4 protein chains.
Amino acid sequence: MAPLNEEQLIQIRDERREQILAAALSVFSRRGVAGTKMSMIVKEAGISHGLVYHYFKSKEELFVTLVKGAIEGAQEAMSFVTSLPGTAYDKIRKLVEEMMDEEGAPFFQLIYQARTSDGVPEEARILINQYTLDDYVSILRPLFEEGQRDGTIAPGDPGELIAGFLTVLTGVMMVGSVDERQFRIPDIEMLMRMISK
Amino acid sequence: MAPLNEEQLIQIRDERREQILAAALSVFSRRGVAGTKMSMIVKEAGISHGLVYHYFKSKEELFVTLVKGAIEGAQEAMSFVTSLPGTAYDKIRKLVEEMMDEEGAPFFQLIYQARTSDGVPEEARILINQYTLDDYVSILRPLFEEGQRDGTIAPGDPGELIAGFLTVLTGVMMVGSVDERQFRIPDIEMLMRMISK
Amino acid sequence: MAPLNEEQLIQIRDERREQILAAALSVFSRRGVAGTKMSMIVKEAGISHGLVYHYFKSKEELFVTLVKGAIEGAQEAMSFVTSLPGTAYDKIRKLVEEMMDEEGAPFFQLIYQARTSDGVPEEARILINQYTLDDYVSILRPLFEEGQRDGTIAPGDPGELIAGFLTVLTGVMMVGSVDERQFRIPDIEMLMRMISK
Amino acid sequence: MAPLNEEQLIQIRDERREQILAAALSVFSRRGVAGTKMSMIVKEAGISHGLVYHYFKSKEELFVTLVKGAIEGAQEAMSFVTSLPGTAYDKIRKLVEEMMDEEGAPFFQLIYQARTSDGVPEEARILINQYTLDDYVSILRPLFEEGQRDGTIAPGDPGELIAGFLTVLTGVMMVGSVDERQFRIPDIEMLMRMISK
DNA sequence: CATGAATGAGGATTCATTCAT
DNA sequence: AATGAATGAATCCTCATTCAT
């Protein structure tokens with residue numbers, strides 16, 4: 001899944017800005033808002049404390065900026081996949097592949113952090129709650145219904161199916177990126193079986 | 001000549017200890033170590049700051065105590081399930097049910113926090129790394145192999161199957177307990193499909 | 001040097017009270033007021049926290065009580081020695097012996113602590129400043145003047161001689177009770193040479 | 001591209017460090033580790049709380065740093081004095097003068113505090129115990145033996161003589177710097193008499 | 001634009017003291 | 001009289017943020 005789209009790249013054209021955001025994403029996604037110290041971001045980015053504040057008003061703003069990008073990226077990925085050629089099953093499989101790739105993980109973690117963390121104030125929370133699970137369900141529903149009609153997707157309420165499936169994917173990404181010895185990301189076939197007939 | 005007899009004191013201590021641990025579990029599991037302030041635990045438990053330190057040396061010790069309990073609980077649940085009567089499939093289904101119940105969630109979150117958080121020092125990390133995924137795989141392997149022989153469990157390397165399945169379950173519990181509007185825990189049938197033939 | 005005189009013993013007739021005072025003296029003299037925790041006294045005395053407060057209003061009162069006893073004891077010891085038979089030199093030597101014995105040390109330390117410590121409020125400070133060095137000098141002056149006349153005590157202002165000598169004795173007691181490997185209390189002959197002709 | 005060049009930064013850091021150490025020495029030596037609150041050091045140094053921790057990891061490290069300096073200083077002073085020209089007696093007298101000067105007192109007090117205080121952890125205690133009285137005795141022994149041979153120093157075991165003498169000097173410095181009205185540092189002649197023939 | 005010394009509000013922890021039993 | 005659980009003010013320390021250079 002593409003982490004940031006074209007427009008965002010334009011918006012974040014400044015090299016320094018990107019550098020800081022990349023460092024911040026890396027740390028926030030691993031440790032959450034409260035667990036992240038500015039000094040960690042500063043160190044990861046290889047710059048001075050002061051410079052961060054030239055580009056971002058606060059730790060919060062840094063986090064909110066990242067969350068915005070993650071949400072938009074996720075939406076785009078889903079919309080993009082529905083517009084691909086092929087069977088419904090193949091499209092869904094493609095989406096799962098995109099979500100599971102390395103670049104996708106930090107964004108899932110970020111959104112999870114945003115939902116649980118404490119330091120996350122209004123703005124990020126509002127942003128996140130704007131895009132509830134139902135929005136994603138709406139985007140994917142036609143695809144799943146098509147799959148149910150052609151007999152490749154399991155029967156039942158497609159809303160529940162999608163919601164449960166996205167929850168599983170998010171959970172796996174959250175947990176799977178920690179440590180090989182502790183968790184193992186299942187292969188795509190196994191995941192697809194969950195929604196297959 | 002204690003004004004309260006030994007028994008009463010022990011009872012008071014045990015009760016307080018449990019009360020504090022329950023409050024701490026609730027907060028830690030939601031916010032992680034760094035995100036948890038002692039004041040939150042204190043408020044949740046309805047006691048004074050000082051009293052926590054009467055029973056636990058530090059925030060860390062509190063966390064480690066909880067992690068120990070969670071690990072022991074998980075091991076017990078798995079061992080218990082394998083000893084139940086019934087088919088392999090039924091036993092696994094029973095295990096999933098147990099893991100997915102409301103009381104289970106905080107423990108999964110706790111262990112996730114323990115693996116990611118920062119304030120978690122040696123002791124908790126060692127404890128956790130002692131019980132790697134492989135240990136759990138070992139306990140459940142006979143069950144899965146039996147299921148593969150009787151044709152109820154999907155074929156393939158049972159180790160991979162179990163590891164992936166446990167990862168999914170953990171991820172779902174992590175993420176699923178946040179907010180109904182954001183995530184939805186899939187029903188057991190859907191989860192079981194992942195490992196079913 | 002007798003640590004507490006008859007009257008004081010009557011006053012502190014209660015066994016518990018004595019027990020607490022003894023424990024407190026031992027700890028205060030070693031660690032000072034700020035360095036002493038009630039829990040240390042409680043442990044040393046082998047009683048409960050609450051009980052200390054049956055006998056003493058506060059840590060402060062405990063300290064002040066001890067300081068009072070120490071001051072009175074020191075004064076008495078000096079007066080007592082001047083009234084003994086023998087030459088001036090012998091009397092002074094006797095005083096030094098008394099001061100240097102094991103029981104004397106805690107009181108010197110206590111008075112030093114009282115002069116330097118911070119937690120010592122008005123009452124103790126007033127008590128201590130009531131009995132300044134000059135008072136002790138007054139008591140001992142006749143003895144030293146006699147010694148100068150009979151040629152056993154070094155010449156010079158007897159006030160300075162006494163003040164310096166008492167300061168040395170106090171310092172030695174302070175420092176000498178710490179650790180054999182670190183400090184060594186000099187023998188009496190060596191100390192006496194300081195004021196001998 | 002640092003706005004302040006390397007040299008300036010180093011200079012600022014060194015100055016601040018010294019400023020904090022000076023303030024800390026002043027407070028620690030008077031009140032001991034437990035009796036010293038960071039706010040006192042902060043006030044004495046005229047800086048903010050946070051800045052102390054920019055330069056020293058903890059109150060302990062601050063204390064340990066000072067103790068190290070004190071020990072090194074004492075050793076140097078002794079070694080230096082033995083290398084001076086003049087008679088043994090003169091050299092010893094010179095050493096006493098050096099030890100007794102105003103700047104010396106805090107160091108003696110510091111070392112005393114380090115030996116008695118409680119908050120003093122391993123590192124300081126080890127440092128101090130590395131340099132026992134015996135080490136100082138070794139350095140000064142040739143000087144005292146020379147003095148005994150030329151008839152200016154009192155006879156007897158030079159080890160005992162030195163150990164007792166250093167103990168007295170330390171005690172005097174400890175006690176003597178408190179309050180003129182309470183203690184009086186004896187003049188050098190008086191102190192020297194203790195070891196003179 | 002860039003640095004890092006400096007600040008201080010906030011959080012963890014200690015410990016004198018109280019109080020129900 | 002005696003206990004020890006319980007309290008909370010005071011202390012140490014951290015870390016987001018500012019600012020002189």
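Just so we're clear, the structure is a prediction, and the values are computed from it rather than from any experiment. A, B, ... follow the sequence lines: proteins, then strands. Residue 1 opens every chain.
In this structure a side-chain-to-backbone donor-acceptor pair under 3.5 Å is present from D/Lys59 to D/Val33. Under a 3.5 Å cut-off, the side chain of D/Glu44 and the backbone N or O of D/Met40 do not form any donor-acceptor pair. Distance alone, capped at 3.5 Å, places no donor-acceptor pair between the C/Lys43 side chain and the C/Met38 backbone.
Residues satisfying the side-chain contact (heavy atoms from CB on, under 4.5 Å) criterion with D/Lys68, sequence neighbours excluded, are D/Val64, D/Glu123, D/Leu127. Here B/Glu72 pairs with nothing under the side-chain contact (heavy atoms from CB on, under 4.5 Å) rule; sequence neighbours left out.
Atom C1' of nucleotide E/dA12 and atom CD of B/Glu61 are separated by 15 Å, given to the nearest angstrom. When rounded to the nearest whole Å, the span between CE of D/Met38 and C1' of E/dT14 equals 16 Å. B/Glu6 has its CD atom 18 Å from the P atom of F/dA2, to the nearest Å. The interatomic distance linking B/Ile20 (CD1) with E/dT13 (C1') rounds to 14 Å, in whole Å. Taking atom NZ of residue A/Lys59 and atom P of nucleotide F/dT17, one finds them 8 Å apart after rounding to whole Å. Going from atom CE of A/Met40 over to atom C1' of F/dT14 covers 12 Å, rounded to whole Å. B/Arg13 places its CZ atom 11 Å from the C1' atom of F/dT3, with the value rounded to the nearest Å. Nucleotide E/dA2 holds its C1' atom 12 Å from the CG atom of D/Leu9, rounded to whole Å.
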> Which string of ( ) [ ] | and . matches DNA chain E, if you list each base 5' to 3' and count Watson-Crick or G-U pairs only when both distances are under 3.5 Å?
Replying inline: .||||||||||||||||||||
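Within residues 45-57 of chain B, the residues that have a heavy atom under 4.0 Å from DNA chain F are, in order of number, B/Ile47, B/Ser48, B/Gly50, B/Leu51, B/His54, B/Tyr55.
Considering only heavy atoms from C-beta on, D/Leu9 stays 4.5 Å or farther from D/Asn5 through its side chain. Under the 4.5 Å side-chain criterion, counting only non-hydrogen atoms from C-beta, D/Leu62 is not in contact with D/Tyr55.
Sorted by first then second residue, the ring pair (Phe, Tyr, Trp, His ring centres under 6.0 Å) pairs that include residues 25-54 of chain C, not counting sequence neighbours, are C/Phe28-C/Phe63.
Side-chain proximity of A/Lys37 to E/dT13, F/dA16, F/dA6: nearest is F/dA16. The side chain of B/Arg16 lies closest to F/dA6 when the candidates are F/dC13, F/dA6, E/dT17.
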Only pairs under 3.5 Å count here: list side-chain donor-acceptor contacts from residues 14-22 of chain D, not counting sequence neighbours, and write none if there are none.
from: D/Glu15; atom 1: OE2; to: D/Gln11; atom 2: NE2; distance (Å): 2.9
from: D/Arg16; atom 1: NH1; to: D/Gln19; atom 2: OE1; distance (Å): 2.6
from: D/Gln19; atom 1: NE2; to: D/Ala45; atom 2: O; distance (Å): 2.8

